Participant: 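One structure, pasted below without further comment.
Residue numbers begin at 1 in each chain, while the letters A, B, ... track the order of the sequences. Remember, it's a predicted structure, so these values are computed and weren't measured experimentally. Side-chain atoms are counted along with the backbone in the values below, which use heavy atoms only and exclude waters and symmetry mates.
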Amino acid sequence: MEKGTGFMDRWILLCDLDAFFAAVEVLDQPHLKGKPVIVGGMGPRGVVATCSYEARAAGVHSAMSTAKARELCPQGVFLPPRPQRYREKSQEVFAIFRRFALMIEPRSIDEAYLEVDGDGPEMAKAIQEAVVRETGLSLAIGGGANKVVAKIASQLAKPGGIFWIPQEKAAEILAPLPAGMLPGVGPKTEALLRKEGYATIGDLQKASRERLQALLGERAGQSLWEKAAGQGPEFLDAPVPPKSVSVEETFPFDIPYSQVPSELRKLSRQLAKRLQGRRVKGHTLALKIRFPSFQTLTRQTASPQGLQDEEEIFSLARRLFEIHMVRGQYPRRVRLLGLRVNQLKKDEGKGRQLTFFPLLRPDDPFAGALPEESRGEGFPP
DNA sequence: TCTGGGGTCCTAGGACCC
DNA sequence: TCTGGGGTCCTAGGACCC
Ligand SMILES: [Mg+2]
Ligand SMILES: [Mg+2]
């Protein structure tokens, strides 16, 4: 099935690879097939990034500490993430998407919205078969008239299925699902809604728009009210250039203040390299500190000049730390340090031009950033 | 056994300008 | 004459996404 050209029905698909990191590890080491495979941090503070369905059967899930996962699943195969390898497979899959779709909007390393026309469910089937045949990966596809129903459908399609939500049945299909399945409703909002008597999407459908606005604010309430009814964006977003670049590290053991400068030095170096690699400069620098209590704060400062240089970043970072921490009554150890540069602008300065990034066109807002590759597979906090 | 890393968007108050 | 309103920049925090 090829891309359509005529004036036919348009559909939105949400294509999401199942247990992506673990699935890639199984592909590369076939003897792992059928075993509980757990990909995540190996250190004392590591957490599970993704695990195979065999591991899920043992109670393991994303965001769980690796130590807990070992306890639940001692026979599991524990592996550190290999981001480069996952990016490669992701690119293979997205290339297939591009053959079928009129347009694609990558959302993460393992997920993208597709716009297709013609027979939507048939198109989904063709895409899924091509991905399975050509990459060996399992893909779930949700489809419908807009992003909201496609996203929810994809959750219902997992693993490896296709779920279609016809718009005339959208409200009915959504009604029994928990409110937290709506995109944009996370743990906090879900708890608030539940407390107010809105446990399911159906409960929200019965609420007035004004009521939801009173609970969540004018904009968020309006948006939630629409989503509950199965309404959402019917078009994909054009790519947007990245707005920030950050690095952070949770230390295996809390470090004393005396060690902070040398850690900031390392983070500054990493951040500078990323900025230079992407050929962007930033305008503000933010320092993030998490204390042993998990209390977290950020301190930010604007810079008159474009931030890209390691020394520039390091001296600002150290100053932010000293100004706000040295005299503060905070505990004198830290669990995490992070640096983020905001308000990126393309570095128009000296240096090789596009030859360094032959894939990029001048108008490509992804220039040097390729955000769909830069994010890992995630999980809630 | 406490809780990763890389992002986006929204809110809100004060400064500053008109 | 006791108090306007909009716009933008800046900073801090929080919710959410994968
Ligand atoms: Mg996935
Ligand atoms: Mg996903």
Participant: Kindly point out which of C:dA12, B:dT3, C:dC10 is positioned nearest to the side chain of A:R45?
Facilitator: B:dT3

Participant: From CZ of A:F94 over to C1' of C:dC18, roughly how many Å is that when rounded to an integer?
Facilitator: 11 Å

Participant: Please answer whether the main-chain N or O of A:L264 pairs with a side-chain N or O of A:S268 as donor and acceptor at a distance below 3.5 Å.
Facilitator: yes

Participant: Under 4.0 Å from OP1 or OP2 of B:dG6: is there any side-chain N or O of A:R274 that close?
Facilitator: yes

Participant: CD of A:E190 versus C1' of C:dC16: gap in Å, rounded?
Facilitator: 13 Å

Participant: Using a 4.0 Å heavy-atom cut-off, does A:T66 contact any base of the nucleic acid, only the sugar-phosphate backbone, or nothing at all?
Facilitator: nothing

Participant: Can you tell me how far P of C:dT11 sits from CG of A:N342, to the nearest Å?
Facilitator: 10 Å

Participant: Where is the tightest heavy-atom contact between A:A69 and A:V48, given as atom of each residue plus distance?
Facilitator: CB-CG2, 3.9 Å

Participant: Let's go through A:D28 and A:R82 carefully: what are the C-alpha distance in whole Å and the side-chain angles of both, what is the deciding distance for salt bridge (charged side-chain N to carboxylate O under 4.0 Å, His left out) to 0.1 Å, and is it a yes or a no?
Facilitator: CA-CA 11 Å; A:D28 289 350; A:R82 295 186 297 152; 2.8 Å; yes

Participant: Within the 4.0 Å heavy-atom criterion, would you say A:G41 contacts the bases, only the backbone, or no part of the nucleic acid?
Facilitator: nothing

Participant: Tell me which nucleotide among C:dT11, B:dG7, C:dG13 gets nearest to the side chain of A:L297.
Facilitator: C:dG13

Participant: Taking CD from A:Q343 and C1' from C:dT8, how many angstroms apart are they, rounded to a whole number?
Facilitator: 12 Å

Participant: Of all the nucleotides listed (B:dG5, C:dT11, B:dT1), which has the minimum atom distance to the side chain of A:T284?
Facilitator: C:dT11

Participant: Under 4.0 Å, heavy atoms only, any strand: does A:K188 hit a base, just the sugar-phosphate, or nothing?
Facilitator: sugar-phosphate

Participant: How is A:T189 classified with respect to the nucleic acid when contacts are heavy atoms under 4.0 Å: base, sugar-phosphate, or nothing?
Facilitator: sugar-phosphate

Participant: Ignoring backbone atoms, establish whether A:S244 has a side-chain N or O less than 4.0 Å from OP1 or OP2 of B:dT8.
Facilitator: yes

Participant: If you measure from the P atom in B:dG13 to the same atom in C:dG4, how many Å do you get, rounded?
Facilitator: 16 Å

Participant: DNA chain B: A:P292 or A:A220, which has the more 5' nearest nucleotide?
Facilitator: A:P292

Participant: Base, sugar-phosphate or nothing for A:E249? Non-hydrogen atoms, less than 4.0 Å.
Facilitator: sugar-phosphate

Participant: Which of the following nucleotides, C:dA15, B:dG7, B:dG4, is nearest to the side chain of A:T250?
Facilitator: B:dG4

Participant: Given C:dC18, C:dT11, B:dG5, identify the nucleotide with an atom nearest to the side chain of A:L336.
Facilitator: B:dG5

Participant: Please state how far atom CG in A:L72 lies from atom P in B:dT1, giving the value in whole angstrom units.
Facilitator: 11 Å

Participant: If B:dC9 has a Watson-Crick or G-U wobble mate with both distances under 3.5 Å, name it; if not, just say none.
Facilitator: C:dG14

Participant: Would you kindly compare A:K151 and A:T298 by the position of their nearest DNA chain C nucleotide and give the one closer to the 5′ end?
Facilitator: A:T298

Participant: Tell me whether the OP1 or OP2 atom of B:dC2 has a side-chain N or O from A:R335 closer than 4.0 Å.
Facilitator: no

Participant: Counting heavy atoms from C-beta on, name the nucleotide in B:dT1, C:dT11, C:dG13 closest to the side chain of A:R299.
Facilitator: C:dG13

Participant: If you look at every heavy atom in A:A55 and A:I38, which pair is closest and at what distance?
Facilitator: CB-CG1, 3.7 Å

Participant: Quickly work out the A:Q300 CD to B:dG14 P distance and round it to whole Å.
Facilitator: 18 Å

Participant: With distance as the sole test, does A:Q343 use its side chain to make a donor-acceptor pair with the main-chain N or O of A:H283 at under 3.5 Å?
Facilitator: no

Participant: Could you check whether the rings of A:Y257 and A:F321 sit parallel, tilted or perpendicular, using 30° and 60° as the cut-offs?
Facilitator: perpendicular

Participant: With syn defined as a glycosidic angle within 90° of 0 and anti as the rest, where does B:dC2 land?
Facilitator: syn

Participant: Below the 4.0 Å mark, does B:dC9 have OP1 or OP2 next to a side-chain nitrogen or oxygen of A:K243?
Facilitator: yes

Participant: Think A:R340 has a side-chain N or O under 4.0 angstrom from the OP1 or OP2 of C:dT11?
Facilitator: no

Participant: Tell me: CG of A:L339 to C1' of B:dG5, nearest whole Å?
Facilitator: 14 Å

Participant: Has the side chain of A:T284 got a donor or acceptor atom that lies under 3.5 Å from a matching backbone atom of A:A302?
Facilitator: no

Participant: Should A:R219 be listed as having a side-chain N or O under 4.0 Å from OP1 or OP2 of B:dC9?
Facilitator: no

Participant: Starting the side chain at C-beta, find the nucleotide from B:dG6, B:dG4, C:dC16 nearest to A:P187.
Facilitator: C:dC16

Participant: Rounded to the Å, how far apart are A:L316 CG and C:dC10 P?
Facilitator: 14 Å

Participant: Which nucleotide sits closest to the side chain of A:D110: C:dA12, B:dG4, C:dC18?
Facilitator: C:dC18

